[in-house]
Amino acid sequence: MGSLLSYSGISAKIRAMQSRLVTEEQLQEILQLSSVPQVITYLKKSSEYSDRWATIDENTVHRGNIEKLLKASIFDDFSKIYQFANSEQRKFLDLYSRRYEIRVLKKIMTNIFDHRDTDPVDVTPYREFFRRHSNLDIDRLVCCTTMDELISAMKGNEFYAPLSRIQNRETTLLFDYGMALDLYYFNMIWHVRKKLFSGNDLRQITTAYGEKFDMLNLQFIYRSKRYFHMAPADIYALLIPMNYKLKKEEINAIVEANTYEESRALFRKTYYGKKYEHLAAHNLEEFYNHMLRQTLEKEARRDPYSVALLYSYMYHKEHEVNRLIIAIECVRYGVAPEEAIQYVRNN
């Protein structure tokens, strides 16, 4: 009864928001259009974007600004849910929001490694979110031109420690900094989940993130072996140090396999290889998105008054934005609708 009472209000709010998300049928209609301005006109008539984009002139808005507006809609929805959430639900949302901070930090780091300034306009979609939900000073961060400056600017923030630990290594690459942030975030989620959640919420968080981490580890392993021919010791350094359905000995066997073909045979014997018979090592990335979406939808349906509802909505909103960006690019470059829909569906 407690769960029902605490989630009944926000559940109704999210169901209303979810009913306005762009459907696959609408995406197919968008792909039939012949120009980007036509896409904007179409979206301005949709329930999801009619209010947000009412003042936009589709004939003059730049494509880059469209992408920023789409991304900004993610943070608008996050803030709406946050304002409606109680203190317990905000614990999950605060945890979830770290992904947005990491996304911005990676963008700034990429510009630093490419010796490009970060245009403050590029972080416009994130600015209001940072003002409300982060203690990172985004305007100070975008002015940094070296990694030393950036890391120094984060003193006192939780991301300072994982970045500063690898700061003085001579061979540290952009990939290493990004991986340090990801591993910190994944470790934090896994280790604090039992402190923040209990009952169904804990079970659903464990299922959603546990399967996500397993699949990410499998992706890391197969990319490393197939494309980069990395040594086992180097592969282990990339893995998220936690296990859910994948046993430690199974991971070790796949990493230590002498050939890519041998590792694929070992994968077939794992929980995921047995449960999803059509799943092969080469389509892990595509399947990862499919499986995460299925898991969240199943958990949200099984218990609509739980934290899975929050996670599921934010996932679907981000998924919608990614698919719309791809659809707009396909229209822009004149990709045939039947080919474009495959790009959209695979995202």
Side-chain angles (χ1 to χ4, degrees), residues 74-75 78-79 81-82 85-109 126 129-130 132-138 141 147 150-167 172 174-221 235-246 248 251 288 292 295-296 299 306-315 318:
I74 296 172
F75 307 116
F78 180 92
S79 292
I81 294 171
Y82 197 90
N86 63 29
S87 59
E88 289 300 309
Q89 293 151 2
R90 287 184 176 184
K91 288 179 182 178
F92 167 75
L93 293 171
D94 287 335
L95 188 67
Y96 188 88
S97 71
R98 303 298 204 289
R99 63 193 278 124
Y100 302 137
E101 294 177 306
I102 290 174
R103 188 176 299 172
V104 173
L105 289 173
K106 285 183 176 180
K107 183 175 184 63
I108 295 172
M109 291 191 302
Y126 306 93
F129 163 80
F130 269 69
R132 294 182 180 183
H133 304 291
S134 174
N135 62 6
L136 285 172
D137 185 344
I138 192 169
L141 296 178
M147 283 303 301
L150 183 68
I151 294 171
S152 178
M154 284 192 283
K155 279 186 178 176
N157 182 273
E158 63 188 303
F159 298 127
Y160 174 78
L163 293 178
S164 61
R165 277 197 291 269
I166 63 172
Q167 180 180 9
T172 304
L174 174 62
F175 175 84
D176 300 313
Y177 285 114
M179 183 60 68
L181 290 174
D182 287 338
L183 289 178
Y184 168 78
Y185 177 52
F186 297 150
N187 268 296
M188 179 186 65
I189 289 172
W190 201 246
H191 289 112
V192 306
R193 73 189 197 287
K194 291 184 179 179
K195 297 177 183 178
L196 297 182
F197 308 105
S198 60
N200 278 341
D201 281 353
L202 175 60
R203 179 184 60 78
Q204 290 168 347
I205 287 293
T206 300
T207 298
Y209 279 107
E211 291 193 349
K212 175 177 181 173
F213 296 157
D214 278 349
M215 294 302 290
L216 284 173
N217 274 340
L218 285 170
Q219 284 186 54
F220 290 148
I221 293 171
I235 295 176
Y236 286 126
L238 298 178
L239 300 184
I240 305 166
M242 56 205 71
N243 310 98
Y244 181 55
K245 295 295 186 179
L246 276 180
K248 187 174 182 180
I251 292 177
Y288 163 71
L292 180 58
T295 297
L296 291 172
E299 294 295 336
S306 68
V307 72
L309 186 72
L310 309 182
Y311 193 169
S312 180
Y313 179 80
M314 290 310 304
Y315 173 84
E318 292 175 22

Item to complete: Go through Thr172 and Gln167 one step at a time and tell me if the side chain to side chain contact (heavy atoms under 4.5 Å, CB included) criterion holds.
Response: CA-CA 7 Å; Thr172 304; Gln167 180 180 9; over 6 Å; no
Least distance between heavy atoms, [X] atom then [Y] atom:
X: Met154; Y: Leu136; result: CG-CD2, 3.9 Å
X: Tyr160; Y: Ile151; result: CD1-O, 3.1 Å
X: Asp214; Y: Leu246; result: OD2-N, 3.2 Å
X: Ser97; Y: Phe78; result: CB-CZ, 3.7 Å
X: Lys195; Y: His191; result: CE-O, 4.4 Å
X: Phe175; Y: Leu238; result: CE2-CD2, 3.2 Å

So how far is it from [X] [atom1] to [Y] [atom2], rounded to the nearest 0.5 Å?
X: Thr207; Y: Glu211; atom1: OG1; atom2: CD; result: 6.5 Å
X: Met147; Y: Leu163; atom1: CE; atom2: CG; result: 5.5 Å
X: Ser198; Y: Glu88; atom1: OG; atom2: CD; result: 8.0 Å
X: Asp201; Y: Leu196; atom1: CG; atom2: CG; result: 10.5 Å
X: Leu310; Y: Phe92; atom1: CG; atom2: CZ; result: 6.0 Å

Worksheet entry | Residue from Trp190, Tyr311, Tyr244 passing ring-ring contact (aromatic ring centres under 6.0 Å, His included) with Tyr209 |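 Exactly one option meets the ring-ring contact (aromatic ring centres under 6.0 Å, His included) with Tyr209, and it is Tyr311.
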Worksheet entry | side chain to side chain contact (heavy atoms under 4.5 Å, CB included) between Arg193 and Leu202, intermediate numbers included | CA-CA 7 Å; Arg193 73 189 197 287; Leu202 175 60; 3.9 Å; yes
Worksheet item: What pairs with Asp176 under side chain to side chain donor-acceptor pair (under 3.5 Å), at least two apart in sequence or on another chain?
Response: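 Applying side chain to side chain donor-acceptor pair (under 3.5 Å) to Asp176 gives none.
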Worksheet item: Is the His133 to Tyr100 ring centre distance short of 6.0 Å?
Response: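 His133 vs Tyr100: aromatic centres not under 6.0 Å.
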With a 3.5 Å cut-off and sequence neighbours excluded, list the donor-acceptor pairs that the side chains of residues 178-187 form with protein atoms.
| from | atom 1 | to | atom 2 | distance (Å) |
| --- | --- | --- | --- | --- |
| Asp182 | OD1 | Lys106 | NZ | 3.0 |
| Asp182 | OD2 | Lys106 | NZ | 2.8 |
| Tyr184 | OH | Glu158 | OE1 | 2.6 |
| Tyr185 | OH | Leu95 | O | 3.4 |
| Tyr185 | OH | Tyr96 | O | 3.4 |
| Asn187 | ND2 | Leu183 | O | 3.0 |

Discussion item. I'd like to check the salt bridge (Lys or Arg N to Asp or Glu O under 4.0 Å) partners of Glu318; sequence neighbours left out, ordered by chain and number.
Written reply: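 Partners of Glu318 under the salt bridge (Lys or Arg N to Asp or Glu O under 4.0 Å) test: Arg99, Arg103.
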